[in-house]
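Chain naming here is simple, since letters A, B, ... match the order of the sequence lines and numbering starts at 1 in each.
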Amino acid sequence: MKLDRLGDFQRTHRNGELGLAQAGQTVRLLGWCRKARNLGSLIFIDLRDRWGVVQLVANEETASPELLAKLKVVRGEFVLGAEGVVAEREAKNPNMATGDIEIRLTDLRIFNTAQTPPLPVDDAGQEANEDLRLKYRFLDLRRDKLQRNMILRSEVANITRNYFRKHDFIDFETPILGRSTPEGARDYLVPSRVHSGEFFALPQSPQLYKQLLQVSGFERYIQICRCFRDEDLRADRQPEFTQIDVEMSFVRQQDVQTMIEGLMVELAPLAGQTAVAPFLRLPYKDAMEWYGSDKPDLRCATKIQDVTALFAQSEFNLFRTAADSHGQRRVRALFFPGEQAGGYSRKQLDELQDVAKHLGAGGLPYAKWGKEGFASSFKKFVDAEAETALRTALGASAEGLAVFAVGTDAQTSKVLGEMRLRLAKTLGQMDESRFEFLWVVDFPLFEWSEENQRFVACHHPFTSPHPDDLELLATNPGACRAVAYDLVLNGYEVGGGSIRIHDAETQSRMFRAIGIGEAEAREKFGFLLDALSYGAPPHGGLALGLDRLVMLLAGVDNIREVIAFPKTAQARCLMTDAPNTVDAKQLRELRIQTETPQQYRAGVMFFESVPAELQAPIAALRTLSTSQPSSTSTMVLDGEIVKVETTRIPGPEFE
RNA sequence: GGGGUUGUAGCUCAGUCGGUUAGAGUGCCAGCCUGUCACGCUGGAAGUCGCGGGUUCGAGCCCCGUCAGCCCCGCCA
């Protein structure tokens, strides 16, 4: 089929903006065919562009033979230009924004055809599997849902830039090629050709640069920047992600928080929500105690309770030994009121217990008060008096379900934190229509790393110790609090920051506390120590996860839905097949040798042009190093270009 | 690194106890159709049951391995 040329065919209107106001006008529109409905001598086409969908119509009596011929070949996703007159419809469609009107076609241009899409492009049907969506991301992105998400994302970025500009922040760009740092996540490394054997690291965050810009006197820094972490993925974690990175001079914790709250107040309406500043400030210790999480979801009111003392005299050994442990181990509980909770079935409780076990619990003791009265996994240890005591302690006035965890605070927090969210959701005791912002503050400065057998910085090693805890730095680092704060929304950490250390002496003490000696500190962070010694102002800031924020504003539960070209959970791009192996020549230039655990050989599938007598030589000849289980490559054999499908076979270790 | 789960037509899925020629909806193709908008009606094509091996008279179904997607734990300053 001969395609039309765009030539000077320009749109006069966007599809979404047409209505009865334009009736009678001749318009030119552009877009994709969402759907063609051919009723014989009457043909409808739904034309989609970024702004909406409008119905085109033509009938046999009035349309020219040329126009009719074109209309009959149009299929889904063809790229069209339409010229026609806006007319009030005979049959209006109240479900469609432009449902009052249609375009009576006078001319149609077909700028491109399209194969039948491998996945549904409209949102009406069922969504395709995600691997398919990721492979054909360019088509998936045509869908309304993703278009809306991308537009929302752009809105968030624009509002953010305007907000900070309004507050005199300066927009910076910091290096993508930087220095690998010892603390924190694994770095993505970039080999340097010029300096063979040496590597740049992609930034996990522009942390040090933004601090140095405070030393330089810019006072207010903002950057919307890409960050990279070579760690395993989650539904809310990608290896490259976008931060709204903020840093300010001459500020206290509350100044940074107030600034960020102002931004949230402006962003919340994008989700039809209202954010009311100031947000709740919840100490880390209380968050862990009440919610078992450092990012509590406050849309559920239920709190964890300590019921250890109730079992001091109990014959239930599991619980009593905790009571005897002088606080080392505790019995903690969650109580959910209501008929539904009290009527929880054995099967449901077993499922919950499985989850608890996966989180490291031995089981999930429970007690429930329902239609059949009191039931519990440890009922034989609970007499009437004990039951009353338990009931009173839990505030269980009527029916309901309590689940228990016993162990160290870390253990019980992990289990009950998860149970709290699960039960709240399944029992409908989580108001998912609300937005609940809060600040979690007073984080510990350090945590013990089993792997390294030393304390490591919880946030990062530039975080200011809490002024009241300075002397603990050397004596009891584990108890030292930090001036660090996380912004939490609906159980997600959407941002985190701190007041930084701004004097070289405190910074040195900090390095000492985490086992970085003078010489090592000098070598790795000499530039920072230098900077701090030349008049660094008191400063602090925070970084917001843009992707997560947009995810929550969009009301979706996966970060991939708000990223145009995301990676899979295995950190691969299904569309481009990145990462991929590179030419030996490239590696030689970089003086890099690779160890490949398996060798790959040309496989068994050949394309039409390969004569039979050449197939065996090809199979024998080619040994490929590729991470792909199979791939197609082109090679020249006896002067003939052939395509070879290579498949991976197990082989000896590659030398 | 570990655990769970999924993989059957272009797409979404069903497939019983291992037993005839592997089905449905949708999409696609063809014909008919002047008010559709999830158009309708009639007909048709369409399958490496992810891949490899095994058990069996017989495997989509059972076993072993493997690849890929998703979720979680560890990890993520």
A.B. asks: With A/Val74 as reference, evaluate A/Leu47, A/Leu56, A/Thr113, A/Ile45 under the side-chain contact (heavy atoms from CB on, under 4.5 Å) test and give the passing residue.
C.D. replies: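 Among A/Leu47, A/Leu56, A/Thr113, A/Ile45, the one meeting side-chain contact (heavy atoms from CB on, under 4.5 Å) with A/Val74 is A/Ile45.
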
A.B. asks: In whole angstrom, give me the gap between the P atoms of B/U5 and B/U26.
C.D. replies: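 Their P atoms lie roughly 33 Å apart.
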
A.B. asks: Is A/Ser205 touching bases, backbone alone, or none of the nucleic acid, heavy atoms closer than 4.0 Å?
C.D. replies: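 Answer is base: heavy atoms of A/Ser205 come under 4.0 Å of a base.
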
A.B. asks: For A/Gly76 and A/Gln207, take the nucleotide of RNA chain B holding the closest heavy atom to each; which residue's nucleotide lies nearer the 5' end?
C.D. replies: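 That would be A/Gly76.
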
A.B. asks: Take atom CG of A/Asn558 and atom P of B/G69, then tell me their distance rounded to the nearest Å.
C.D. replies: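 The answer, rounded to whole Å, is 14 Å.
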
A.B. asks: Are there more than 12 heavy atoms of other residues, nucleotides or ligands under 6.0 Å from atom CZ of A/Arg186?
C.D. replies: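 12 or below, so no.
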
A.B. asks: When rounded to the nearest Å, what value does the distance between P atoms of B/G10 and B/C28 take?
C.D. replies: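 Comparing P positions in B/G10 and B/C28 gives a spacing of 14 Å.
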
A.B. asks: Go through the steps to decide whether A/Glu418 and A/Arg420 satisfy the test salt bridge (Lys or Arg N to Asp or Glu O under 4.0 Å), and finish with yes or no.
C.D. replies: CA-CA 5 Å; A/Glu418 176 66 23; A/Arg420 180 175 169 273; over 6 Å; no

A.B. asks: Starting from the 5' end of RNA chain B, give me the residue, A/Glu418 or A/Leu574, whose nearest nucleotide shows up first.
C.D. replies: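 Residue closer to the 5' terminus by nearest nucleotide: A/Leu574.
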
A.B. asks: Sticking with atom P, work out how far B/G60 lies from B/U16, rounded to a whole angstrom.
C.D. replies: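 Roughly 12 Å separates the two P atoms.
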
A.B. asks: Walk along nucleotides 34-45 of chain B from 5' to 3' and tag each nucleotide B, S or - by protein heavy-atom contact under 4.0 Å, base first, then sugar-phosphate.
C.D. replies: BBBB-B------

A.B. asks: Do A/Arg133 side-chain and B/C11 base share a donor-acceptor contact under 3.5 Å?
C.D. replies: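 Side chain to base: no pair present.
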
A.B. asks: Strictly by Watson-Crick or wobble contacts shorter than 3.5 Å, is anything paired with B/A45, and which nucleotide is it?
C.D. replies: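 Pairing partner: none.
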
A.B. asks: Counting side-chain heavy atoms from C-beta on, which of B/U12, B/G1, B/A68 comes nearest to A/Gln126?
C.D. replies: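 For A/Gln126, the side-chain atoms sit closest to B/U12.
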
A.B. asks: The side chain of A/Thr568 is closest to which nucleotide in this list: B/C11, B/C75, B/G69?
C.D. replies: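 Selected nucleotide (nearest to the side chain): B/G69.
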
A.B. asks: Can you check the distance between B/G7 and B/C13, where both ends of the measurement are the P atom (answer in whole Å)?
C.D. replies: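 Each nucleotide's P atom is 9 Å from the other's.
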
A.B. asks: Taking a pair as Watson-Crick or G-U wobble with both distances under 3.5 Å, which nucleotide is matched to B/U55?
C.D. replies: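 Check on B/U55: unpaired, no WC or wobble geometry under 3.5 Å.
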
A.B. asks: Should B/G27 form a Watson-Crick or G-U wobble pair with both distances under 3.5 Å, which nucleotide is its partner?
C.D. replies: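 The base-pairing partner of B/G27, which may sit in any strand shown, does not exist here.
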
A.B. asks: Could you check whether atom CG of A/Asp557 has more than 12 heavy atoms from other residues, nucleotides or ligands sitting under 6.0 Å from it?
C.D. replies: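 12 or below, so no.
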
A.B. asks: OG/A/Ser180 to NZ/A/Lys524 distance, rounded to the nearest 0.5 angstrom?
C.D. replies: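 So the gap between those two atoms works out to 8.5 Å.
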
A.B. asks: Assess whether one donor atom and one acceptor atom, taken from the side chain of A/Arg237 and the base of B/C76, lie less than 3.5 Å apart.
C.D. replies: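 Answer is yes: a donor-acceptor pair is held.
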
A.B. asks: Check this one for me: any side-chain N or O of A/Lys414 less than 4.0 Å away from OP1 or OP2 of B/G74?
C.D. replies: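 Answer yes for this pair, as a side-chain N or O of A/Lys414 is under 4.0 Å from OP1 or OP2.
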
A.B. asks: Hunt down the Watson-Crick or G-U wobble partner of B/U34, both distances under 3.5 Å, from any strand shown, or write none.
C.D. replies: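 With both distances under 3.5 Å required, B/U34 matches none.
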
A.B. asks: Tell me whether A/Arg422 at atom CZ has more than 12 heavy atoms from other residues, nucleotides or ligands lying less than 6.0 Å away.
C.D. replies: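 No, not enclosed.
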
A.B. asks: Between atom NZ in A/Lys135 and atom P in B/G69, what is the gap in whole Å?
C.D. replies: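 So the two atoms are 12 Å apart, to the nearest Å.
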
A.B. asks: Mind checking if A/Ile43 touches a base, just sugar-phosphate, or nothing, with heavy atoms under 4.0 Å?
C.D. replies: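 No contact.
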
A.B. asks: Using only heavy-atom distances, determine whether the side chains of A/Arg500 and A/Ser498 contain a donor-acceptor pair under 3.5 Å.
C.D. replies: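 Per modelled atom types, A/Arg500 and A/Ser498 side chains form a pair under 3.5 Å.
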
A.B. asks: Using the side-chain heavy atoms of A/Ala185, tell me which of these nucleotides is nearest: B/C71, B/C76, B/C11.
C.D. replies: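 Between B/C71, B/C76, B/C11, the one nearest the side chain of A/Ala185 would be B/C76.
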
A.B. asks: Given the P atoms of B/C39 and B/U20, what is the spacing between them in whole Å?
C.D. replies: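 Here B/C39 and B/U20 have their P atoms 37 Å from each other.
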
A.B. asks: Would you say A/Tyr221 and A/Asp245 are linked by a side-chain donor-acceptor pair, where the criterion is simply a distance under 3.5 Å?
C.D. replies: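 Checked: A/Asp245/A/Tyr221 side chains pair up, N/O donor to acceptor below 3.5 Å.
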
A.B. asks: Between B/G27 and B/C41, how far is it from one P atom to the other, in whole Å?
C.D. replies: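 It works out to 11 Å between them.
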
A.B. asks: When the distance from NZ of A/Lys567 to P of B/G69 is rounded to whole Å, what number comes out?
C.D. replies: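 After rounding, the reported distance stands at 13 Å.
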
A.B. asks: Quickly, which of A/Leu552, A/Val494, A/Thr242 forms a side-chain contact (heavy atoms from CB on, under 4.5 Å) with A/Asp547? Name it, please.
C.D. replies: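 Exactly one option meets the side-chain contact (heavy atoms from CB on, under 4.5 Å) with A/Asp547, and it is A/Thr242.
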
A.B. asks: Please classify the nucleic acid contact of A/Arg560 as base, sugar-phosphate, or nothing, using heavy-atom distances under 4.0 Å.
C.D. replies: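 Contact class for A/Arg560: sugar-phosphate only.
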
A.B. asks: So what's B/U5 paired with, Watson-Crick or G-U wobble, going by both distances under 3.5 Å?
C.D. replies: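 For B/U5, the partner nucleotide comes out as B/G69, under the 3.5 Å rule.
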
A.B. asks: List, with names and distances, any nitrogen or oxygen atoms from the protein found under 3.5 Å away from nitrogen or oxygen atoms belonging to nucleotides 29-31 of chain B.
C.D. replies:
residue, atom, partner, partner atom, Å
B/C29, OP1, A/Arg75, NE, 2.8
B/A30, OP2, A/Arg75, NH2, 3.4

A.B. asks: As a test of reading the structure: which of B/G1, B/G69, B/C73 is closest to the side chain of A/Glu130, going by heavy atoms?
C.D. replies: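 Nearest nucleotide to the side chain: B/G69.
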
